[in-house]
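For reference, the structure discussed in these notes is given below.
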Amino acid sequence: MYRSDDRIPSARLSTDGWYLQASYVLLQRWQAVARHDRFDPNVDARGDDTRTWTAGLNYLVRGHDLKLQVNYLRTMLPGSAPAQDKLIARLQAVF
């Protein structure tokens, strides 16, 4: 629960969010990932939540110490805004 000193946007603000994620290892080096998450910045207001679907594929070069990740995200925003699509690639290295 957020409490504002100047009551802007309100004296109290309650938020809510969750996600569900699953992954599966294919052929020892490949990992498929799926995720759905939802964030509601104000539980008292209707229609202001953001939802994101993610589909990804990871290549495990040296386990989780060195891996290449490619993710596709589709985000549905509140209101009449169109959905946003993103493709993100990253390399993760642990020292």
Side-chain angles (χ1 to χ4, degrees):
M1 168 100 39
Y2 169 77
R3 295 186 191 275
S4 174
D5 291 335
D6 58 8
R7 298 186 179 272
I8 297 175
S10 66
R12 297 181 332 166
L13 185 65
S14 294
T15 62
D16 185 32
W18 57 267
Y19 72 90
L20 179 64
Q21 179 173 311
S23 62
Y24 187 76
V25 176
L26 312 162
L27 305 173
Q28 291 184 315
R29 293 198 180 259
W30 293 94
Q31 182 181 40
V33 179
R35 175 179 165 143
H36 177 69
D37 59 84
R38 178 183 165 271
F39 173 67
D40 187 354
N42 186 355
V43 296
D44 296 327
R46 298 216 184 264
D48 64 342
D49 61 328
T50 300
R51 297 172 186 264
T52 303
W53 288 93
T54 304
L57 189 62
N58 301 331
Y59 179 68
L60 308 173
V61 179
R62 253 190 216 121
H64 290 285
D65 291 340
L66 182 61
K67 65 182 171 181
L68 176 64
Q69 301 171 289
V70 178
N71 293 313
Y72 169 74
L73 290 82
R74 182 163 184 88
T75 303
M76 284 67 76
L77 302 166
S80 61
Q84 293 182 356
D85 297 312
K86 298 174 187 171
L87 184 63
I88 299 173
R90 65 187 122 195
L91 177 68
Q92 175 177 304
V94 176
F95 297 97

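We use all heavy atoms of the structure for the numbers below, so side chains are in, but hydrogens, waters and symmetry mates are not.
- For the salt bridge (charged side-chain N to carboxylate O under 4.0 Å, His left out) condition, no pair includes a residue of residues 20-34, sequence neighbours left out.
- When all heavy atoms are compared, the tightest approach of P78 to G47 is CB-O, 3.3 Å.
- The side-chain contact (heavy atoms from CB on, under 4.5 Å) test applied to A45 returns N42, D48, not counting sequence neighbours.
- Rounded to the nearest 0.5 angstrom, Q84 CD and T75 OG1 are separated by 6.0 Å.
- Linking Ile, Leu, Val, Met, Phe, Trp and Tyr whenever their side-chain heavy atoms come within less than 4.5 Å puts W30 and L66 in one cluster.
- Remark: D49 engages R38, R51 in a salt bridge (Lys or Arg N to Asp or Glu O under 4.0 Å) (not counting sequence neighbours).
- Residues passing the side-chain hydrogen bond (donor to acceptor under 3.5 Å, both in side chains) test with T50, sequence neighbours excluded: none.
- When all heavy atoms are compared, the tightest approach of L26 to A32 is CD1-CB, 4.2 Å.
- Chaining together hydrophobic side chains whose heavy atoms lie under 4.5 Å apart places W53 alongside M76.
- Applying the side-chain hydrogen bond (donor to acceptor under 3.5 Å, both in side chains) criterion to N71, with sequence neighbours excluded, gives no partner residue.
- Crowding of F39 atom CZ: a count of heavy atoms from other residues, nucleotides or ligands under 6.0 Å exceeding 12.
- Legend: side chain to side chain donor-acceptor pair (under 3.5 Å) pairs involving residues 58-70, not counting sequence neighbours, sorted by first then second residue: Q31-N58, H64-K67.
- The hydrophobic cluster containing L87, built from Ile/Leu/Val/Met/Phe/Trp/Tyr side-chain heavy atoms closer than 4.5 Å, also comprises V70, Y72.
- The side-chain hydrogen bond (donor to acceptor under 3.5 Å, both in side chains) search around T54 returns none, not counting sequence neighbours.
- Residues satisfying the salt bridge (Lys or Arg N to Asp or Glu O under 4.0 Å) criterion with R74, sequence neighbours excluded, are D85.
- Other members of the hydrophobic cluster containing L73, listed by chain and number, are I88; membership follows side-chain contacts under 4.5 Å among ILVMFWY residues, whether direct or relayed.
- Annotation: salt bridge (Lys or Arg N to Asp or Glu O under 4.0 Å) contacts of D37 (sequence neighbours excluded): R35.
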